[in-house]
Amino acid sequence: MKITHTQSGYTLLFAVLTASLVLGVAIFILGISKKQFILAVASRESIFSIYNADSAIECAAAAYNAGTLATSSSPSIPCAGATVTGNWGGSGYSINSLVSSVQQTGHINLGFSNGGCAYVVVTDGYDNSGNHGTIIDARGYNVADFASGSVTNCPSTDPTKTSRVVERALRLTYH
């Protein structure tokens, strides 16, 4: 008696096709998950940067309104639970035509507990019509270099951190 199999291999073919389909779906889902993770991290770093800029502009505005910036060449500004010393005085930092006759300018580096920092520039002067104005620019960063508890580089110059630096800026104008 002779036995012949006419359907040999169909089960194996079906198993290989099913495994390929499941593997394709898994790779697709993994790719989407990776992209969502990258977007979530970028969003988080952006939020840190904008919060740092916002905190810095609030501190600089409070110090400006209190007269702290105008009375000292190295003002000490209370900000985010720390006292920060900046540099104030001189001229030459012009912001477009908003302040055409610069009287004083200053900059401050602020470090924050989230590992980020902000660079603030305050420009005080007069516009083209002779009206007094002050512009406070704050650039917030998500990463900074710290030494002995204070900011040494804002933003970070460390090669391991520079690939993920996010900058967000805010401007406050007084007329």
Apply the hydrophobic cluster definition, ILVMFWY joined by side-chain contacts under 4.5 Å directly or through others, and give me every member besides [X].
X: Val41; answer: Phe37
X: Ile27; answer: Leu23
X: Leu13; answer: Leu17

Contacts of [X] that satisfy side-chain contact (heavy atoms from CB on, under 4.5 Å) - sequence neighbours left out:
X: Ala56; answer: Leu110, Phe112, Ala118, Val120, Ala138
X: Ile29; answer: Val25, Ser33
X: Glu58; answer: Asp54
X: Leu172; answer: Ile57, Ala61, Ile136, Tyr174

Please tabulate, one pair per line, all N/O donor-acceptor pairs under 3.5 Å involving side-chain atoms of residues 42-51, not counting sequence neighbours.
from: Glu45; atom 1: OE1; to: Asn142; atom 2: ND2; distance (Å): 2.6
from: Ser46; atom 1: OG; to: Arg168; atom 2: NE; distance (Å): 3.0
from: Ser46; atom 1: OG; to: Arg168; atom 2: NH2; distance (Å): 3.2
from: Ser49; atom 1: OG; to: Glu45; atom 2: O; distance (Å): 3.1
from: Ser49; atom 1: OG; to: Asn142; atom 2: N; distance (Å): 3.2
from: Ser49; atom 1: OG; to: Val166; atom 2: O; distance (Å): 2.7

- Message: Using a 3.5 Å distance criterion without hydrogens, assess whether the side chain of Asn52 forms a donor-acceptor pair with backbone atoms of Tyr141.
- Response: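 Yes; judged by distance alone, with no hydrogens or angles, the pair exists.
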
- Which atom names give the shortest non-hydrogen contact between Ala169 and Arg139, and what distance separates them?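 Looking at all heavy atoms of both residues, the shortest contact is CB-NH1, 3.9 Å.
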
- For Ala60 and Val122, work out which heavy atoms get closest and say how close.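 Smallest interatomic distance, heavy atoms only, reads CB-CG2, 4.4 Å.
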
- Item | Counterpart residues, ring pair (Phe, Tyr, Trp, His ring centres under 6.0 Å), relative to Tyr119 (two or more places apart) |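 Applying ring pair (Phe, Tyr, Trp, His ring centres under 6.0 Å) to Tyr119 gives His107.
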
- Query: Looking at residues at least two apart in the chain, or sitting in another chain, which of them share a side chain to side chain donor-acceptor pair (under 3.5 Å) with Ser163?
  - Reply: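 Partners of Ser163 under the side chain to side chain donor-acceptor pair (under 3.5 Å) test: none.
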
Show me, pair by pair, the donor-acceptor contacts under 3.5 angstrom made by side chains of residues 153-160, not counting sequence neighbours?
from: Asn153; atom 1: ND2; to: Asp145; atom 2: OD2; distance (Å): 3.1
from: Asn153; atom 1: ND2; to: Thr157; atom 2: OG1; distance (Å): 3.0
from: Ser156; atom 1: OG; to: Asp145; atom 2: OD1; distance (Å): 2.6
from: Ser156; atom 1: OG; to: Asp145; atom 2: OD2; distance (Å): 3.4
from: Ser156; atom 1: OG; to: Asp158; atom 2: N; distance (Å): 3.1
from: Thr157; atom 1: OG1; to: Asp145; atom 2: OD2; distance (Å): 3.3
from: Asp158; atom 1: OD1; to: Thr160; atom 2: N; distance (Å): 3.1
from: Asp158; atom 1: OD1; to: Thr160; atom 2: OG1; distance (Å): 3.0
from: Asp158; atom 1: OD2; to: Thr160; atom 2: OG1; distance (Å): 3.1

- Are Lys34 and Leu30 close enough that some pair of their side-chain heavy atoms sits under 4.5 Å apart?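 Heavy-atom side-chain distance check fails, nothing below 4.5 Å.
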
